[in-house]
Colleague: 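I have a structure I would like to understand better, so I am pasting it below and will then ask my questions one at a time.
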Amino acid sequence: MEREPLKNEGLEEKSKNFLEEIIEEDLKSGKHAGRVLTRFPPEPNGYLHIGHAKSICLNFGLAQRYGGKTNLRFDDTNPVKEDVEYVDSIKEDVRWLGFNWANEFYASDYFEQLYLWAEVLIQKGLAYVDDQTQEEIRLNRGTVNQAGKDSSFRNRSVEENLDLFRRMRAGEFKDGERVLRAKLDMAHPNMLMRDPILYRIIHSDHHRTGDKWCIYPMYDYAHGQSDSIEQITHSICTLEFDVHRPLYDWFIEKLEIFPSHQYEFARLNMTYTMMSKRKLLQLVQEKVVMGWDDPRMPTICGLRRRGYTPEAIRAFADRVGVAKRDNVIDISLLEFCLREDLNKRAERRMAVLNPLKVVITNYPEGQTEELEAVNNPEDESAGKRMVPFSRELYIEQEDFMENPPKKFFRLAPGQEVRLRYAYFIKCNEVIKDAAGNVVELRCTYDPASKGGQSPDGRKVQGTIHWVSAQHAVKTEIRLFDRLFSRENPDDVPEGQDWKSGINPESLKVIYGYLEPALASAKALDKFQFERMGYFSVDYDSKPGAMVFNRTVTLKDTWAKISAQ
RNA sequence: UGUCCUGUAGUGUAAUUGGCAACACGUCUGACUCUGGCUCAGAAGACUCGAGGUUCGACCCCUUGCAGGACAACCA
């Protein structure tokens, strides 16, 4: 009562999401003796994407916040789709995002226990072996508004079921010949409760268990029990599993095992972004993109290669929040989080993407000088560097206009601008080629403005970046744009393929000029090219043949103004 | 002709659990500036899906509509 509301303590109380509320209630009621154990359960059949990042941040974040732990568990119950390539990439991505799991588990670790429990269900008369074909099972399941029909094998004796199930395991039957089903209710309004399949026969090697098994548990039969075995307290998954929860609870109840609980949240959707693992796989297989880590992909490895930081992704996951309603996040929020992070840590450099030659006519030929430039105005500890200046420079084509509109603060005939960290220059002459294109500018500089200082207090509205022609490092630069041109890539016009939405101009390769300080940059190094955006060194980069990826442009107010 | 989930500014997420709707992104002003970046100051924008009801008082509770989503792989 005499306790003041926590106000000016710097840690303004952030509102809780519904999962935090559930956990806090559980903690208060002593539900699991104060224990919080979550799990991140990917199927190793594809690469993780930004949607998974939300789930990872949620599961690990929640555990961290409440003094708990998180297991990484591979849901590897379908050998035909899964592969070690994927488990390796998943581990790398989770680590890169900045999380450490308490244990690395596999659903396949539990195959024996799961099998034993299946026998228990058979003994209890709660499971039976069905000989119907896949087609018959499908037909007899009914539809959403029509009850299904009982299988004629539904009432086999416990002994017969046990015998058949053991022979399934022993490999006496071919793929698809029989399945083990739970005996629930073929008329249940929830389709998943209509005698779901527990085990199917697959004579296929498993990436971990090899040829030890030829029967494999289905998701519903494996997931909840795996949670239970690990004593997961809060099993958090996406909304589409909501319908599975009654089944999840049913197995735990009938088996009388640790009561893990499932909670569902709405998965992440993002504008202009494809989240379907299946379709992303297709893009890779059909070589629409360079691979899973193509910088245009929404995969974690793609974002990494693009130049994203784990901090930016975590901040994003934090800002999108968690709830149960369907949502579509504007991709500009992701970009905002990225810029916010990069602004603080990326060192600034100058680079000209579309060069226009400038000759300083009153600057001595053959002379070179070094000018001091700040590495990061947001971080003094980043220090300074020297940038070479000479008579011939490159500036950005778009920084010159022969007939500028009123608010154009850059270079134009007779107009003066500041070359960042260098001098004021004034354009005197415009040289064109036969076709009338501007190919060179002749300018004069004011020696008194060295360093970019105004010698007499005179104001120059514009400051542009530049690079000394003789010192410049020519480099490949990959400019990326959104992979899909439609805001919702799944919203495909009638009669068209979803791939019709792919943006044909999502990758543009150009050659630009860098200031020499950039020549020694290593893969994944990040810089802000002043006034142009954030760029990151690509894996393809080699000494002498550098490759930069444009991570994201800077916010461009001028583009808005000039577009009226 | 089903079962379940969900409806709050353009987009997300809040609202001390019944006390006259907040924060972020985006948008628009303006200031500052050696990045048309950053930063700073401000503005517009929601009668909380509709209709009833309970209550002094409803985003919140009740009734009833409507809308969106999920579920009919031997996928997860």
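Letters go in sequence order (proteins before strands), and every chain restarts at 1.
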Colleague: Charged N to carboxylate O under 4.0 angstrom, A:Arg65 versus A:Glu20?
Modeller: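 Here A:Arg65 pairs with A:Glu20 in a salt bridge, since their nearest N and O are under 4.0 Å apart.
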Colleague: Assign A:Pro42 to base, sugar-phosphate, or nothing according to its heavy-atom contacts below 4.0 angstrom with the strands shown.
Modeller: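 Touches nothing.
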Colleague: State whether A:Glu240 and A:Arg267 are salt-bridged, where the test is any N-O pair (Lys NZ or Arg NE/NH1/NH2 against Asp/Glu carboxylate O) under 4.0 Å.
Modeller: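 Between A:Arg267 and A:Glu240 there is a salt bridge, with a charged N closer than 4.0 Å to a carboxylate O.
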Colleague: Can you tell me the distance, in whole Å, between the CG atom of A:Asn17 and the P atom of B:A22?
Modeller: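 From A:Asn17 CG to B:A22 P: 22 Å.
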Colleague: Does A:Arg349 reach the main-chain N or O of A:Phe527 with its side chain, forming a donor-acceptor pair under 3.5 Å?
Modeller: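 Answer holds: no.
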Colleague: For atom C1', what is the distance between B:C28 and B:A67, given to the nearest Å?
Modeller: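 One C1' to the other, the span is 32 Å.
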Colleague: Is there a donor-acceptor pair closer than 3.5 Å between any side-chain N or O of A:His206 and the backbone N or O of A:Pro79?
Modeller: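 No, the answer is negative, given that no donor and acceptor are paired below the 3.5 Å cut-off.
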Colleague: Picking from A:Gln262, A:His261, A:Arg73, what satisfies side chain to side chain donor-acceptor pair (under 3.5 Å) with A:Asp227?
Modeller: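 Among the candidates, only A:Arg73 passes.
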Colleague: Syn or anti for B:U16? Use the chi torsion, O4'-C1'-N9-C4 for purines and O4'-C1'-N1-C2 for pyrimidines, with syn inside 90° of 0.
Modeller: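 It is anti.
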Colleague: Mind checking the C1' distance from B:U54 to B:C61? Whole angstroms is fine.
Modeller: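 Going atom to atom, C1' in each nucleotide, I get 8 Å.
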Colleague: Using a 4.0 Å heavy-atom cut-off, does A:Glu136 contact any base of the nucleic acid, only the sugar-phosphate backbone, or nothing at all?
Modeller: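 Counting heavy atoms under 4.0 Å across all strands, no contact is made by A:Glu136.
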Colleague: Roughly how many Å is it from CZ in A:Arg325 to P in B:U11, rounded to a whole number?
Modeller: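 That distance rounds to 11 Å.
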Colleague: So does A:Asp109 pair up with A:Arg208, basic N to acidic O under 4.0 Å?
Modeller: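 Salt bridge present between A:Asp109 and A:Arg208.
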Colleague: Which nucleotide in the set B:U13, B:C74, B:G12 lies at the smallest distance from any side-chain heavy atom of A:Arg200?
Modeller: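 Looking only at side-chain atoms, A:Arg200 lies closest to B:C74.
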Colleague: Can you work out whether A:Glu25 or A:Gly321 has the more 5'-proximal nearest nucleotide on RNA chain B?
Modeller: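 Counting from the 5' end, the first nearest nucleotide belongs to A:Gly321.
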Colleague: Between the protein and nucleotides 26-28 of chain B, list every N/O to N/O distance that falls short of 3.5 Å.
Modeller:
residue : atom : partner  : partner atom : Å
B:U27   : OP1  : A:Lys560 : NZ           : 2.6

Colleague: So, are A:Arg385 and A:Glu372 salt-bridged, with charged N and O less than 4.0 Å apart?
Modeller: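 The answer is no: the pair does not qualify as a salt bridge.
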Colleague: Would you kindly compare A:Asn327 and A:Arg319 by the position of their nearest RNA chain B nucleotide and give the one closer to the 5′ end?
Modeller: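 Its nearest nucleotide being more 5', the pick is A:Asn327.
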Colleague: Of all the base pairs, Watson-Crick or G-U under 3.5 Å, which form stems of three or more consecutive pairs involving RNA chain B?
Modeller: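 As far as RNA chain B goes, consecutive pairing (with distances under 3.5 Å) yields the stems B:2-7 with B:66-71, B:10-13 with B:22-25, B:27-31 with B:39-43, B:49-53 with B:61-65.
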Colleague: What's the closest nucleotide to the A:Leu333 side chain, out of B:C25, B:C5, B:C74?
Modeller: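 Per side-chain heavy atoms of A:Leu333, the pick is B:C25.
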Colleague: Indicate, with a heavy-atom threshold strictly under 4.0 Å, whether A:Gln453 touches base, sugar-phosphate, or nothing.
Modeller: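 Contact class for A:Gln453: base.
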Colleague: Would you mind classifying the nucleic acid contact of A:Leu554 as base, sugar-phosphate or nothing, using non-hydrogen atoms under 4.0 angstrom?
Modeller: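 Touches a base.
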Colleague: Can you check nucleotides 67-72 of chain B for protein contacts, nitrogen or oxygen pairs under 3.5 Å, and list what you find?
Modeller:
residue : atom : partner  : partner atom : Å
B:G69   : O4'  : A:Asp326 : OD2          : 3.4
B:G69   : O2'  : A:Asp326 : OD2          : 3.4

Colleague: Students often get this wrong, so: under 4.0 angstrom with heavy atoms, is A:Gln146 touching a base, only sugar-phosphate, or nothing?
Modeller: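 It contacts nothing in the nucleic acid.
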Colleague: Does A:Met193 reach a base, just sugar-phosphate, or nothing at all? Heavy atoms under 4.0 Å.
Modeller: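 Touches nothing.
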Colleague: Within the 4.0 Å heavy-atom criterion, would you say A:Val179 contacts the bases, only the backbone, or no part of the nucleic acid?
Modeller: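 Base, at least one base atom sits under 4.0 Å.
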Colleague: On a whole-Å scale, what distance lies between the P atoms belonging to B:U39 and B:U48?
Modeller: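 The answer is 35 Å between these two P atoms.
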Colleague: Among B:A76, B:G7, B:C5, find the nucleotide with the atom closest to the side chain of A:Asn78.
Modeller: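 Per side-chain heavy atoms of A:Asn78, the pick is B:A76.
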Colleague: Roughly how many Å apart are B:U1 and B:G10, using the P atom of each and rounding to a whole number?
Modeller: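 The same atom, P, in both gives a distance of 38 Å.
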Colleague: Base, sugar-phosphate, or nothing for A:Glu378, non-hydrogen atoms under 4.0 angstrom?
Modeller: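 Since a base atom lies under 4.0 Å of A:Glu378, the category is base.
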Colleague: Does NZ or CZ of A:Arg178 fall inside the cone over A:Phe173's six-membered ring, less than 6.0 Å from its centre and within 45° of the axis?
Modeller: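 Because its charged atom sits under 6.0 Å from the ring centre and within 45° of the axis, A:Arg178 does stack over A:Phe173.
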Colleague: Between A:Arg245 and A:Glu264, does any side-chain N to carboxylate O distance fall below 4.0 Å?
Modeller: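 Salt bridge: yes.
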Colleague: What nucleotide among B:G36, B:U35, B:G12 has an atom nearest to a side-chain atom of A:Phe409?
Modeller: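 Taking heavy atoms from C-beta onward, the closest nucleotide is B:G36.
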Colleague: May I ask you to say what A:Val328 touches in the nucleic acid, namely base, sugar-phosphate or nothing, with a heavy-atom cut-off under 4.0 Å?
Modeller: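 Here A:Val328 touches the backbone only, sparing every base.
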Colleague: Tell me the interatomic distance from A:Trp558, atom CH2, to B:U33, atom P, rounded to whole angstroms.
Modeller: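 Going from A:Trp558 (CH2) to B:U33 (P), I get 20 Å.
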Colleague: Can you tell me how far C1' in B:C40 sits from the matching atom in B:A9, rounded to whole Å?
Modeller: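 The same atom, C1', in both gives a distance of 25 Å.
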Colleague: Mind telling me whether B:A73 is syn or anti, cutoff 90° either side of 0?
Modeller: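 Syn, angle within 90° of zero.
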Colleague: Given B:G36, B:G2, B:U6, identify the nucleotide with an atom nearest to the side chain of A:Lys324.
Modeller: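 Among the listed nucleotides, the one closest to the side chain of A:Lys324 is B:U6.
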Colleague: Respond yes when some side-chain nitrogen or oxygen of A:Thr77 is under 4.0 Å from OP1 or OP2 of B:A76, and no when none is.
Modeller: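 True: A:Thr77 side-chain N/O within range (under 4.0 Å) of B:A76 OP1/OP2.
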Colleague: May I ask you to say what A:Glu340 touches in the nucleic acid, namely base, sugar-phosphate or nothing, with a heavy-atom cut-off under 4.0 Å?
Modeller: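 Here A:Glu340 touches no strand at all.
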Colleague: Whole angstroms only, please: what is the CH2-C1' distance between A:Trp466 and B:U35?
Modeller: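 Between C1' of B:U35 and CH2 of A:Trp466: 14 Å.
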Colleague: What is the distance from CZ of A:Phe265 to P of B:U6, rounded to the nearest Å?
Modeller: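 Atom CZ in A:Phe265 sits about 15 Å away from atom P in B:U6.
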Colleague: Would you check if the distance from the ring center of A:Tyr219 to the ring center of A:His223 is below 6.0 Å?
Modeller: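 Yes, they do, as the ring centres are separated by less than 6.0 Å.
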Colleague: Taking the six-membered ring for Trp, is the centroid-to-centroid distance between A:Tyr106 and A:Phe74 below 6.0 Å?
Modeller: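 Judged by ring-centre distance (under 6.0 Å), A:Tyr106 and A:Phe74 do meet the cut-off.
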Colleague: For the residue pair A:Trp213 and A:Phe111, does the interplanar ring angle fall in the parallel (under 30°), tilted (30 to 60°) or perpendicular (over 60°) class?
Modeller: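 It falls in the perpendicular class, over 60°.
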Colleague: For A:Thr271, answer base if it contacts any base atom (sugar-phosphate contacts may also be present), sugar-phosphate if it contacts only those atoms, and nothing otherwise; contact means non-hydrogen atoms under 4.0 Å.
Modeller: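 Nothing, no heavy atom under 4.0 Å.
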Colleague: Is a side-chain donor-acceptor pair under 3.5 Å present for A:Asn376 with A:Glu378?
Modeller: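 No - no donor-acceptor pair under 3.5 Å links their side chains.
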Colleague: What does A:Lys407 touch in the nucleic acid at a heavy-atom separation under 4.0 angstrom: a base, only the sugar-phosphate, or nothing?
Modeller: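 The answer is base, as A:Lys407 lies within the cut-off (heavy atoms under 4.0 Å) of a base atom.
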Colleague: Categorize A:Val80 for me: base, sugar-phosphate, or nothing, with a 4.0 angstrom heavy-atom threshold over every strand shown.
Modeller: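 Here A:Val80 touches no strand at all.
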Colleague: Is the NZ or CZ atom of A:Arg348 positioned over A:Phe529's six-membered ring, under 6.0 angstrom from the centre and within 45° of the axis?
Modeller: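 Judged by the rule, A:Arg348 and A:Phe529 form no cation-pi pair.
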Colleague: Are the aromatic ring centres of A:Tyr199 and A:Phe165 under 6.0 angstrom apart?
Modeller: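 That pair passes the under 6.0 Å test.
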